[in-house]
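The structure appears right after this line, and notes come after that.
Computed from a prediction, not measured in an experiment: that's the story for all the values here.
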Amino acid sequence: MELAVYEDWKENNSFIFDKDSKLPVYSIDTPPPYINSPVHIGHASTYVIMDFIARYKRMMGYNVLFPLGLDQNGLPIEISAEKKYKVDFTRIGREKAVEYCRQLLNETTSESVDSFFKCGIGFSSWKEGTQIGDIYQTDSPDYRAVTQSTFIDLYNKGLIYEADKVVNWDPKLQTTVSDSEIIYEDRPGFFHDIVFKVKDSGEEVIIGTTRPELICTCGMVIYNPSDKRYQHLEGKTLITPYFNKEVLCKAHPSAEIDKGTGIMMMCSYGDLTDIRFFMEQKLDARVAINKNGTLNENAGDLNGLKIKEAREKIIEGLKAQNLLKKMTPTQAHRTPISERSGAAIEFIQMKEYYLKQLEFKDEMRRIASEVNIYAPESRQILLDWIDSVSIDWPITRRRFYATEVPAWYCKKCGSIQLAKKGEYVQPWREEYKGKCEKCGGEEFRGDERVFDTWFDSSISPLYILGYERHPEFFKEHEQCSLRPQGKEIVRTWLYYTLLKDYLLTGKTIFKDAWIHHHIVTEDGTKMSKSKGNGIDPHNVLEKFGSGPFRTWCAVEGNLDKGDFRCSYTRIENAGKLLEKLWNVSKFVSMFELTKEQSNEIELMEIDKWMIQETDKIISETKKGYEKYDFHNPSVRIINFIRDEFASNYIETVKRRAYNNDALIKFSEAQRNAAVKTLRETLDSLLLLLYPINPAMTHFIYKNLFNKEIKEEKFPNTKNIKSTISSEEIQLFNSAVWKTKKDNNLSLKDEIKKAIAPKSLEPVEIELRAMHNIKEIEFKEKEIIINAK
RNA sequence: GGGCUCGUAGCCUAGCGGUUAUGGCAUCACCCUUACAAGGUGGGGGUCGUCGGUUCGAAUCCGACCGGGCCCACCA
C-alpha cells in the first residue's frame, strides 16, 4: 500500500524543485553514497531523518532542495572493479583501468536508489541530470568540470602550490597508498645493536635499530633528556658505522629510555615519526629508497639492492667490522603493511599539490563557530581538528578513476598551462590545445595525477546550488541551509567543505550542520561486514515496510546525541505504535458533519480542553522539529494519541458523538462540537506525524478529509483555553477504572457515588455517561470512588 | 598513547541544582467495554557507574577512579 503512494509521488514528480519559485529556499547537501555497495541500515536511517527534515520544511512553506548525489569517484570503485574483473590496474594501464571502472558503474544497478525509494524518501528528483535538484554523479563531466574549475580558481588565487611530500608507497603495486589502506601487523623482526663512534673520543655508542639498511639516511642521534647514561654526548658528533658519516647527537623527548638501548638513530623515512622529526629539526631528508623498492645512490655500495638484500649485505659488512654487537629478535614489531598487496609500506618523497590551510586556521575557527551545529556538542570535533592541523592539505593522488588535475606542463620551459574553466579535461590522454604562454612552446606533458576524494566532495553544496552553472540562482542562494553528515567525517568532509568553499567564496557555506552518530548492533558494537552482525535494510523493509522503520528512526532517540541500537524487534515494536493511530482514525472517520451542522457548534469544556492540549503539542513539536529533534516530539505525539486523545478524550465524548443513548441526550450543537473537535484534533495529529510517516498519514488523510496531506501546511494553534486540568481528568478516569477492576466489575457496571475534583464539574454529564455513575459530587481536590 | 563522548529498572530513554526520578519496550495480572485482542486497563521493577568534594539540598556542579563507544596516532 505504501509503495503505491511512493510510486505515485515519484511518477508525478511531487517534490520537484522549482528554481523559479518565489518561496524561500531550504537546501540540503545530502551526502552522496557510493553506489556500488548496498545501502546499510545506518545510511537508510540517516536519509530517512533527512527526509523528515525536508518534509517538515515543505510544510513550513519552504521550497526545499533535497537532491540525491551518487559518489562514483575514487578508490572504492577501483577496488571493486579490480576484484570483479580480476585485473590489476598497475599492470593493465590507465586507459583500460578507467574503462573497467566505467563498465562496473554501468553494470551496477542503482540498488541504493531503489532502497531510498522504498524508505519513502522524497528527493527533489528521481532522474539523473544536471538541473538543480536532479540526481547527480560525482564522476559526471559536469561535476568533474566544476571540481577542476575550483582548482583553477584556487591556483590563480595563489592558494595552491606544489611541493615534495612523503607518501605511503607500496613497492609491490608501484603506487601510492592512502593511510586508510594501511594495516598494521605484528611482524617478527630484529633489533640490531650497532656501533656508532664519538668523533673526538672514539667512544663506542650502541644503538638498536630494526632498519640497519637505512643507516645511510641517518640525520641525527637522539636520547631522552632525562637519560643520565648519555648526557655527556650532548652536542657531540658521532660517526655512523659502515658509511662513516658525521651526525649530531642531541637530547630529544621522543627517545624513550626503556626502548632498545635508549638511544636511537633518526633516519629519513623509516616511518612517519621519523618524517615528522626531520621536518621539526629542519634536517635535510636523504631519500634512499626508490619507487621500485631498491636502494639508490645515497646508499653507497647498497645501491641497486632490494631492501631485504641490502639489509643482509649491511649486516654482513657490519659483522665483518665488528660493529654489530648482537641481534635480538622482537616478536611484536608493528609494521605498516599495504592492505592490498601485503607488502611493507615504504615512505618516499613525491611532488604533490597542496592547498594552503595553515594560514587560515583563525578564519576556520570563526567559521566553525558560525555554523549552527546540531547537537552543539559535535562542534568540538571540528574545533579540535582545526587546532591539530599542522600541514597544508595535500590534494593530489596517483590514482586512476578520479578527477584529473587540469594542467599541462610545457616541455620546453616547464611552465604550467591550466585548462579552460567549464570544460572537463583529462590531461593524461588529451593534448593541450594552445601554445605555452611563457615561451611559445608547442609540446606539453599532461599531468597524470588526480585529486584527493575530498577535493571533489567538498564542493557538493556549491554544486547542488548551481555554482558556475546557474549563476543567477547561485548568487541568490549561495548559503546552503543544511549539511547532514556523520560524526566520523567531520574532520574530512565538513572541514574541507567549509575550508574550500570559504577560500572560493569568502563565505560560511552552511547555515546549519546536523551531525549524526551511528547505528550499532543491539549490544552496542559497530556493525561490520566481516562480523556479519549487520542488519540489512532490505529485510527490514520487506518484513515491516517503511512505516515501522521510519517510526523507529524517530522514536528511538536523538541520533545527534548518541548511537542508536538496532534490532528487528525494536523496529517491529515501533510499528505497533502506529496501530493506535490507525484505530483512532477509523473511529473518527465514523463521524462527519454536514455544512449546516458545522455551523451549529457548542463547544463543551472537555472539547476546549482537548483543543488546548492539542495546541500545546503543536508548539512543542514545532520547537523540536526546528532543532532537528524528531525523537522528543514523536514520543510525545504517540503518548498524546494514546493517553490524552484516545483513552480520555475519546472515551469521554464517545456517547456525545453517537448521541443515541436512551438516558442522556445531548443537544445537536453539543454533539456537533464533539465531532468537530475529534476531526480537527486528528487532523492536527496527522499533520504533525506526516514528516515521519508520510504514507500512512497520507492514506488516512485522503480517506478522512479527501485532501492531499503533502500539500498541507504545518498545523496552527487555536488558542482556546480550558479550566480542566489534564492531570485531574486522567487521574479521575484512572481511579474509576481501577475501582471497577479491583471490585471485579465490568466497565459497564454502575458506580454508586464518586467524589471528583472541582475542576471536572463542567464534564459531569459526560463522566456520568461514560462510567455509569449514579451520583457525583465535586470537592476541591479529592477523588473517591464508591463502587457499591 | 592522545582526544572526544557516554554510563539513569532486563533493554532503550527524559530530566542536567529543589516535592515521591519521565516515558517506552520487555515482564506479570485482569479484561472481547458498540475504533482497536498486532488491542485495553492495572501492577511490579531503580542505592540515577564507583568513591570523594561543593551545597540547607546532587541523577544534575567539581575531582578522582572504573567501564563502554568513537576519532586520531602508533613508536628506534
TODO: In whole angstrom, give me the gap between the P atoms of B/U50 and B/G24.
DONE: 25 Å
TODO: Give a yes or no on this: more than 12 heavy atoms of other residues, nucleotides or ligands lie within 6.0 Å of atom NZ of A/Lys623.
DONE: no
Open item on the list: Say we look at B/A26 and B/G67: how far apart would their P atoms be, to the nearest angstrom?
Closed with: 34 Å
Open item on the list: Need the pair for B/A26. Rule: Watson-Crick or G-U wobble, both distances under 3.5 Å, any strand; none if unpaired.
Closed with: none
Open item on the list: Tell me the interatomic distance from A/Gln730, atom CD, to B/G23, atom C1', rounded to whole angstroms.
Closed with: 13 Å
Open item on the list: If the cut-off is 4.0 Å, is A/Lys487 near the phosphate of B/G69, judged by side-chain N/O to OP1 or OP2?
Closed with: no
Open item on the list: Work out how far the P atom of B/A29 is from that of B/G44, and round it to whole angstrom.
Closed with: 15 Å
Open item on the list: Tell me if a side-chain donor or acceptor on A/Arg679 pairs with a main-chain N or O of A/Phe591 at a distance below 3.5 Å.
Closed with: yes
Open item on the list: Can you tell whether the side chains of A/Glu680 and A/Lys676 come within less than 4.0 Å, N to carboxylate O?
Closed with: yes
Task: Separation between the C1' atoms of B/U19 and B/C51, rounded to whole Å - done: 28 Å
Task: Base paired to B/C16 (Watson-Crick or G-U; both N/O distances under 3.5 angstrom) - done: none
TODO: Would you please confirm or rule out a distance under 4.0 Å between OP1 or OP2 of B/G40 and any side-chain N or O of A/Ser647?
DONE: no
- [ ] Check if the side chain of A/Lys580 and the base of B/C36 share a donor-acceptor pair of N or O atoms closer than 3.5 Å.
- [x] yes
Open item on the list: Using side chain to side chain contact (heavy atoms under 4.5 Å, CB included), reason through A/Val221 and A/Val205 one step at a time and then give a plain yes or no.
Closed with: CA-CA 10 Å; A/Val221 170; A/Val205 180; 5.6 Å; no
Task: Atom-to-atom span, NZ of A/Lys586 to P of B/A38 - whole angstrom - done: 12 Å
TODO: For the side chain of A/Thr209, starting at C-beta, report the closest nucleotide among B/G42, B/A76, B/G24.
DONE: B/A76
- [ ] Using the closest heavy atom to pick a nucleotide of RNA chain B for each, name whichever of A/Asn639 or A/Phe587 lands nearer the 5' end.
- [x] A/Asn639
- [ ] Evaluate the ring planes of A/Tyr701 and A/Phe705, with Trp represented by its six-membered ring, and classify them as parallel (under 30°), tilted (30 to 60°) or perpendicular (over 60°).
- [x] tilted
Task: Inter-nucleotide C1' distance (B/C56, B/U13), Å rounded - done: 32 Å
Under-3.5 Å N/O pairs linking protein and nucleotides 43-46 of chain B:
none

Open item on the list: Can you tell me the base-pairing partner of B/C70? Count Watson-Crick or G-U wobble geometry only, both distances below 3.5 Å, and say none if there is no partner.
Closed with: B/G3
Open item on the list: Between P on B/G23 and CD1 on A/Ile641, what's the gap in Å once rounded to a whole number?
Closed with: 18 Å
Open item on the list: Do A/Leu678 and A/Phe645 make a side-chain contact, defined as non-hydrogen atoms from C-beta onward lying under 4.5 Å apart?
Closed with: yes
TODO: Report which part of the nucleic acid A/Arg642 touches: base, sugar-phosphate, or nothing (heavy-atom distance under 4.0 Å, all strands).
DONE: sugar-phosphate
Task: Donor-acceptor side-chain pairing of A/Tyr223 and A/Glu234 below 3.5 angstrom - done: yes
Task: For A/Val195, the option from A/Leu318, A/Ile239, A/Ile206 that meets side-chain contact (heavy atoms from CB on, under 4.5 Å) - done: A/Ile206
TODO: Nearest whole angstrom, please: distance from the P of B/G15 to the CG of A/Asn632.
DONE: 6 Å
- [ ] With RNA chain B as reference, determine whether A/Arg655 or A/Val635 sits nearer its 5' end, using the nearest nucleotide of each.
- [x] A/Val635
TODO: Find the distance A/Asn583:CG to B/C36:P and express it as a whole number of Å.
DONE: 7 Å
- [ ] Indicate yes or no for a side-chain donor-acceptor contact from A/Ser378 to the backbone of A/Tyr374 under 3.5 Å, with no hydrogens or angles considered.
- [x] no
Task: Distance between C1' atoms of B/C12 and B/G68 (Å, rounded) - done: 15 Å
Task: Length of the CD1-P vector between A/Ile638 and B/G39, whole Å - done: 14 Å
Task: Pairwise C1' distance, B/G52 and B/U20 [rounded to whole Å] - done: 28 Å
Task: Value in whole Å for how far the C1' atom of B/U41 lies from CE of A/Met770 - done: 12 Å
Task: Interatomic distance where CG belongs to A/Leu731 and C1' belongs to B/U20 [whole Å] - done: 14 Å
Open item on the list: Both distances below 3.5 Å, Watson-Crick or wobble geometry, any strand: find the nucleotide opposite B/A59.
Closed with: none
Open item on the list: Rounding to an integer number of angstrom, what distance separates B/G15 and B/U33 when you compare their P atoms?
Closed with: 41 Å
Open item on the list: Taking A/Arg656's backbone N and O only, do any of them form a donor-acceptor pair with A/Arg671's side chain (distance below 3.5 Å, no angle check)?
Closed with: no
TODO: For the residue pair A/Tyr242 and A/Cys216, establish whether any side-chain heavy-atom pair is separated by less than 4.5 Å.
DONE: no
Taking only nitrogen or oxygen atoms into account, show me every contact under 3.5 Å that the protein makes with nucleotides 2-10 of chain B, one pair per line with its distance.
{"unit_1": "B/G3", "atom_1": "O2'", "unit_2": "A/Asp384", "atom_2": "OD2", "d": "3.3"}

